[in-house]
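Throughout, residue positions are numbered sequentially from 1 according to the sequence presented. Reckoned from all heavy atoms, side chains included, excluding hydrogens, waters and symmetry mates.
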Amino acid sequence: MQTPTFPSNEPSRLNALQQTGLLDTQPEQRFDRLTHLAQLCLGTDIVLVSLVDGDRQWFKSKQGLDVCETGRDISFCGHTILGEGIFEVADAQLDNRFADNPLVLNAPFIRFYAGVPLVSNGENIGTLCFIDSKPRQFTDKERQIATEIGKTIEQEIQDRLQEHAHEQLAAREEMYRSVLEGTRIGTWQWNIQTGETVLNERWAEIMGYTLAELEPITIDTWLSMLHPDDLADSDAKLEDHLKGKTPFFNDKCRMKHKQGHYVWVHDQGKVISYTADGQPLMMFGTHADITQQKLSEIALQQSRDQLYKLTQQLPGVVYQYQSWPDGRSAFPYASTAIKDIYGVTPEEVRTDATNAFEKIHPDDLGLLVSSIQRSIEDLSLWEIEYRVSSDNNAFKWLSGSATPERMEDGSTLWHGYIQDITETKKHYLQLEELNQQLNVAQQSLDLASEQAQIGYWQASLKLGTLWWSPIIYQIFGLDEQDIDPSISFFKSALHPDDIDIVEKSEQQARITGIHNVIHRIIRPNGEVRWVHELGQLVSEDQNPDLVMIGSVQDITDRMKLQKVKDDFISTVSHELRTPLTSINGALNLLQSGKIITLPEKAQKLMDIASSNCMQLSRLINDLLDIDKLAAGKMQFEMKKLNIVPLLQRAIDDHQPYAQQHNITLALQMDEQLHQSALYVDEHRLLQILTNFLSNAVKFSPKEGCVTLSATVIDNDIEIAVQDHGSGIPDDFKSRIFEKFSQADASSSKAKGGTGLGLALCKELTAAMQGNIGYESEFGSGARFYVRLPIAK
């Protein structure tokens, strides 16, 4: 089968086809009548008007065939449009180009085909084709008939296009007529060379006349009505357009009404034709009554003028401030008083408010921006007092108030007023400072009496001011006469590695009201000292400057002793670990009986030695873990974990130990745990549970029960171990999570233990972002728990 090729002019051919508007339209009698006539005249089974599209042939009219289209690649018509005359195939089965074509082998079983090209705009857009299921050949007369019918179809296509064009023109004319009537606009035509003018009835009506009253109408008719003061401007605009300087004539002017008053009109027009020598000939235009619009504009301008005069008399600035979602901001309107307020002119901030914001005191800028953002979010009244710089590098206080309005483009527009309140604020601040000094002095005196030999201070987190008692100068190695302390000076004395923890504590104090931090300072001579700061923020409603009072104590000697102790413990632990491992291995080997069988008394001594060796090994391991945690060197392998298997493992691992003490272990879990997970270190969490369970077993009565439970509480999972022993003594509760803390010595000897387990559990829990705690009444058992956040 030979697939028809695409002609070289395919793009222009497809464009001509599209311009006919025939594709995929409903059948039309004008075409069906012709194909039926062709079928009667030439006697073929099938007659089609076939339009060849990009990848198909679509049948606009068809006789003897049900389908609406076939593929272009198997079409006979695709070959026809490649030439100019009739394309004829007498017997498709004998033609190598079509013998295996699906349209020959299957329905409609084409044997004979003849196609007449259909031409539109000089392009072959399709065919009038004749198909028969028997071999055949047209006579010359039949070819002439087919060609003439094809030309008739081409004429029908052109007639159809012409009819549609007339319909569209009529529709446009009707639309323009409706627009003119609906908008009540007058029209005019002016022959520039003769002066002859044609107006419509609406033009005359605007001026209070009928067209008959204005006859004869010329350009002088229009000029006679024009206001004398507007004549020169109108002439200039008309001359500019006639000379080609402007694309349109566009003029708003006053014209005299029949009743003697003037109306405002808006005339627009354009030259549409020229004489042979290039002179303007015909000009068409519109004439609209804009009196009400113009009067409104004049009234608005008068109102603005009155508002302007009023705003100039106010001591502050009347303004509009606009903020867009992309971060831009501006003052679309501001009275001239903005120069006194911000030191900028209205023009300098009309499209960009940056110049004004640069004047704001750095300490107030964040608060100001936050207040604007809140007003944007809930459209609440914006009110604030803040400071801006003045010409002499001093700062003045401003009070601002504005009402927000959401605009269509998503921006927010405020209408407001800002005034200078510097003098009023000075008096207020002086009075406030006196009252504050009185209150703070009283609090400082009370605090100093409680903390003898400890320095105390007073600071404003907002203003950056700081006051020290004499002893603090000694702690910092400074002379009181040489230094005027401030928060910035204090921070300059901080050890670089401790700046973050001090700032975090200050931020936390803004929330909790308590400042409690241990850090290092560097004296002027380079000496490093450890200090403990403890402070309290005064209630915010009584404390607009965020005043904090507190104490500072030099704890350098205590920290040195602590480091010596920690270093000693770490060193001893590491030095003991290796020989202890060897001793433990030797004892285990002797206990096994593989080397020698020991007498019963010797075996008991060996068991005691092995037990003590294991106890010492656990102590060393706990000491090393605590040392790693304190140094921040312990590695955590955090991962998302379903803890159900872990809980079961903890129970299974402790069953032998529990059976040795005749204790029953029980596991209780919420059903929700199967759908929840924790983000933890599996080994460290198991280490915590091991400590809880071993302690519970040790301190439970014989035949008692220890319960391991897990419960979902809000966004946390609480894992707890409950025993029914004697509980925790009241005098030991405050020390229960401290290192080397045990309820009493006799208990330690009887039950065994290092006093480090719970301290280690506390550190491990904190490192995994959890909390640890207990519940106990002496004589009623104890319940230890950890709460860890559920993984998102």
Side-chain angles (χ1 to χ4, degrees), residues 311 314-407 411-430 432-433 436 459-466 486-488 491 503 506-507 510 540 543-547:
T311 57
L314 295 174
V317 56
V318 177
Y319 71 94
Q320 287 180 318
Y321 172 74
Q322 192 165 9
S323 175
W324 285 268
D326 62 5
R328 292 181 297 118
S329 63
F331 288 87
Y333 171 79
S335 62
T336 55
I338 196 171
K339 179 69 174 178
D340 299 325
I341 296 295
Y342 281 114
V344 296
T345 64
E347 292 74 21
E348 290 174 331
V349 292
R350 184 161 294 149
T351 59
D352 186 356
T354 303
N355 290 343
F357 275 85
E358 289 176 349
K359 304 287 186 176
I360 297 170
H361 193 291
D363 292 346
D364 297 346
L365 183 58
L367 183 63
L368 180 70
V369 171
S370 298
S371 68
I372 293 173
Q373 188 60 37
R374 283 195 302 272
S375 185
I376 290 175
E377 292 171 357
D378 53 23
L379 292 181
S380 59
L381 178 68
W382 177 77
E383 288 184 305
I384 192 174
E385 293 181 358
Y386 59 101
R387 290 164 293 174
V388 298
S389 62
S390 58
D391 295 337
N392 57 1
N393 294 325
F395 285 91
K396 56 188 175 186
W397 279 94
L398 303 180
S399 174
S401 176
T403 302
E405 174 187 2
R406 189 80 74 226
M407 308 305 289
S411 66
T412 304
L413 179 68
W414 286 264
H415 312 272
Y417 180 68
I418 298 174
Q419 61 178 326
D420 187 337
I421 60 166
T422 304
E423 292 303 317
T424 304
K425 192 68 176 180
K426 277 183 181 179
H427 295 307
Y428 171 76
L429 290 175
Q430 288 173 357
E432 185 181 57
E433 185 178 356
Q436 185 175 323
S460 169
L461 301 183
K462 181 177 180 181
L463 301 178
T465 57
L466 179 64
S486 64
I487 289 181
S488 59
K491 290 186 176 180
E503 290 182 347
E506 288 180 358
Q507 293 299 323
R510 295 172 185 263
E540 188 172 356
N543 186 24
D545 291 333
L546 298 180
V547 173

Is a donor on one side and an acceptor on the other found under 3.5 Å between the side chain of [X] and the backbone of [Y]?
| X | Y | result |
| --- | --- | --- |
| S399 | I421 | no |
| T412 | E405 | no |
| S375 | S380 | yes |
| Y417 | G316 | yes |
| T422 | W397 | yes |
| S370 | G366 | yes |
| D364 | R387 | yes |

Please examine the side chains of [Y] and [X], heavy atoms only from C-beta on, and report whether any two atoms are closer than 4.5 Å.
| X | Y | result |
| --- | --- | --- |
| P332 | L413 | yes |
| V388 | I341 | no |
| L398 | D420 | yes |
| I372 | W414 | yes |

Can you pull the salt bridge (charged side-chain N to carboxylate O under 4.0 Å, His left out) pairs that have at least one residue in residues 319-344, sequence neighbours excluded? D326-R328

Would you say the side-chain atoms of S401 and W382 include a donor-acceptor pair closer than 3.5 Å? no

F331 vs Y319 aromatic rings, parallel, tilted or perpendicular, using cut-offs 30° and 60°? perpendicular

For residues R406 and L379, report the shortest heavy-atom separation together with the two atoms involved.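 Minimum heavy-atom separation between R406 and L379: NH1-CD2, 3.5 Å.
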
Please find the pair of heavy atoms, one from V344 and one from K359, that lie closest to each other, and give the distance. CG1-CE, 4.4 Å

Just to verify, what does Q373 make a side chain to side chain contact (heavy atoms under 4.5 Å, CB included) with, not counting sequence neighbours? I376, E377

Determine whether E506 and K491 satisfy the following criterion, salt bridge (Lys or Arg N to Asp or Glu O under 4.0 Å), listing intermediate values before the conclusion. CA-CA 12 Å; E506 288 180 358; K491 290 186 176 180; 3.4 Å; yes

